[in-house]
Amino acid sequence: MAYETLIVETRGAVGLITLNRPQALNALNSTVLKELLQAYEAFQDDDAVGAMVLTGSERAFAAGADIKEMQPLGYVDVYSRDLMSGWDDVAKVRKPVIAAVSGFALGGGCELAMMCDLIIASETAKFGQPEITLGVIPGMGGTQRLTRAVGRYKAMDLILTGRMMDAAEAERAGLVSRVVAPERLMDEALEAAAKIASLSRPSVLMAKEAVNRALETTLDEGLRFERRLFHSLFSTEDQKEGMTAFIEKRKPTFKNR
Ligand code: HXC
């Protein structure tokens with residue numbers, strides 16, 4: 001499959017997707033959305049792939065939705081085509097995705113990183129929701145996911161002023177999973193993804209589903225949901241293998257069943 005705006009490859013059991021619109025600092029246009037959904041679907045369907053890494057360039061993870069594509073549109077255009085709604089499907093991919101962020105992650109770029117499950121940032125990363133400076137507001141989940149990630153007061157600061165925060169501040173705020181030196185970024189992300197891909201697939205998928213459930217429901221319902229998934233994993237061969245391997249002091253060999 002040939003992609004115009006992405007580089008898509010595999011590294012062992014990890015699917016690696018690189019945003020590739022350097023002339024526009026990886027601004028997210030409708031082609032990027034279409035291709036990202038195709039790449040996710042291909043990796044989702046590929047049993048050899050257990051996790052994904054999504055990255056950009058050294059200078060920019062992505063500098064936002066494509067302002068040049070949006071500039072001429074009117075209300076009826078964006079309402080009729082429900083602009084940005086396709087990104088909800090990007091956030092729904094079931095295999096874990098790690099965002100490896102270097103440089104600018106602004107607007108839709110920050111929102112795309114927040115659709116991923118881990119955010120590993122280079123010390124050079126800069127996060128922000130500058131839409132307010134364009135006369136609009138975040139439209140790909142920023143007001144919702146950023147608020148859940150960093151709390152109301154930090155989210156208001158970023159969304160109302162449009163300022164950027166560096167990787168250290170983003171880590172303190174809880175937006176970033178790990179900050180690493182620029183030269184370590186891709187190794188760190190690929191190693192974390194390889195680790196996840198080496199684990200039992202059903203437990204990985206259920207762990208992701210259960211953590212995400214925490215953002216959608218009450219504690220009582222969330223605990224019940226977790227427990228039911230936890231119970232269901234005792235139907236897998238991998239649960240027997242994982243626990244037996246521990247007792248026998250050896251590494252488990254998971255079959256993803
Ligand atoms: C389209 C973009 C772009 C974007 C950068 N470019 N960001 N094109 N959409 N979001 C293009 C520039 O036009 C320029 O192309 C080239 O990329 C390089 O950018 P420069 O501005 O020359 O680089 P620099 O001076 O280093 O500044 C980098 C930057 C700045 C600080 C990241 O580009 C910037 O502020 N970008 C916009 C950030 C932003 O506002 N994002 C939010 C978008 S709205 P040319 O051809 O001129 O050389 C959004 C959500 C919308 O994401 C949802 C509401 C519906």
Side-chain angles (χ1 to χ4, degrees), residues 3-7 17-37 40 54-93 97 99-116 119 121-150 154-170 173 175-176 179 182 185:
Y3 293 92
E4 190 188 315
T5 62
L6 306 177
I7 300 167
I17 302 171
T18 306
L19 301 167
N20 187 33
R21 295 189 72 213
Q23 73 287 0
L25 300 183
N26 292 329
L28 305 166
N29 63 10
S30 43
T31 310
V32 177
L33 171 60
K34 191 178 74 186
E35 294 190 342
L36 197 51
L37 284 170
Y40 272 9
L54 176 64
T55 194
S57 68
E58 216 176 297
R59 193 161 160 228
F61 176 73
D66 192 314
I67 298 168
K68 292 170 188 168
E69 194 178 68
M70 289 184 290
Q71 188 270 345
L73 302 178
Y75 171 72
V76 172
D77 302 315
V78 299
Y79 177 75
S80 309
R81 61 178 95 154
D82 205 5
L83 188 73
M84 302 300 172
S85 62
W87 291 95
D88 291 349
D89 294 331
V90 171
K92 283 189 185 138
V93 63
V97 184
V101 178
S102 174
F104 299 112
L106 301 178
C110 185
E111 292 167 302
L112 176 58
M114 291 191 290
M115 292 173 204
C116 301
I119 301 180
S122 157
E123 286 159 356
T124 66
K126 292 220 181 304
F127 297 87
Q129 299 287 163
E131 290 89 342
I132 201 98
T133 68
L134 300 170
V136 290
I137 67 169
M140 289 165 53
T143 64
Q144 305 304 302
R145 290 199 179 91
L146 188 64
T147 306
R148 282 164 166 79
V150 304
K154 188 67 109 179
M156 285 288 190
D157 180 3
L158 292 161
I159 291 168
L160 290 179
T161 70
R163 77 172 175 90
M164 293 185 212
M165 65 177 170
D166 65 17
E169 184 181 355
L175 179 62
V176 157
V179 178
L185 178 66

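Atoms within each ligand, like the ligands themselves, are counted from 1 in listed order. Just so it is clear, the values below take in all heavy atoms, side chains as well, and ignore hydrogens, waters and symmetry mates. Note that this is a predicted model, so its numbers are computed, not measured.
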Kindly state if [atom] has a protein heavy atom within a strict 4.0 Å cut-off, that is, under 4.0 Å?
| atom | value |
| --- | --- |
| atom 34 (C) of ligand 1 | no |
| atom 27 (O) of ligand 1 | no |
| atom 24 (P) of ligand 1 | yes |

Practice task
Can you pull out the closest protein heavy atom to atom 53 (C) of ligand 1? Residue, atom name and distance to 0.1 Å, please.
Solution key: G139 N, 3.4 Å
Exercise for the section: For E131 and ligand 1, answer yes if some heavy atom of the residue is under 4.0 Å from a ligand atom, otherwise no. Expected result: yes
Counting from 1, what ligand 1 atoms have a heavy atom of [X] closer than 4.0 Å?
| X | result |
| --- | --- |
| A24 | 2 (C), 5 (C), 6 (N), 11 (C), 17 (O) |
| I67 | 1 (C), 4 (C), 9 (N), 10 (N), 37 (C), 40 (O), 43 (C) |
| G107 | 42 (C), 52 (O) |

Practice task
Consider only side-chain N and O atoms of E35 and T5, and report whether a donor and an acceptor are under 3.5 Å apart.
Solution key: yes
Should one rank [options] by closest heavy-atom distance to [atom], which comes out on top?
| atom | options | value |
| --- | --- | --- |
| atom 55 (C) of ligand 1 | M84, R21, Q71 | M84 |
| atom 46 (O) of ligand 1 | R59, Q23, M164, K68 | K68 |
| atom 49 (C) of ligand 1 | G141, A62, A65, A60 | A65 |
| atom 43 (C) of ligand 1 | I137, L25, L134 | L134 |

Exercise for the section: Check whether any side-chain N or O of N26 sits under 3.5 Å from a backbone N or O of F61 as a donor-acceptor pair, and report yes or no. Expected result: yes
Handout entry: T147 side chain to A155 backbone, donor-acceptor under 3.5 Å
Key = no
Minimum heavy-atom separation for [X] to [Y], with atom names?
| X | Y | answer |
| --- | --- | --- |
| L158 | R163 | CD2-O, 3.5 Å |
| S122 | A167 | O-CB, 3.4 Å |
| L6 | L36 | CD1-N, 3.7 Å |
| E111 | P138 | OE2-CB, 3.2 Å |

Practice task
Would you kindly specify which portion of P130 sits under 4.0 Å from ligand 1, judged on non-hydrogen atoms: side chain, backbone, both or neither?
Solution key: side chain
Exercise for the section: Examine the proximity of ligand 1 to A27 and report which part, side chain or backbone, both or neither, has a heavy atom under 4.0 Å away. Expected result: side chain
Exercise for the section: List the steps, then state whether side-chain contact (heavy atoms from CB on, under 4.5 Å) holds for M84 with M70. Expected result: CA-CA 11 Å; M84 302 300 172; M70 289 184 290; 3.7 Å; yes
Problem - Any N/O pair A63/ligand 1 closer than 3.5 Å - result: yes
Problem - I119 CD1 to L54 CG distance, which is reported to the nearest 0.5 Å - result: 10.5 Å
Problem - side-chain contact (heavy atoms from CB on, under 4.5 Å) partner of T31, chosen from L33, N29, L28 - result: N29
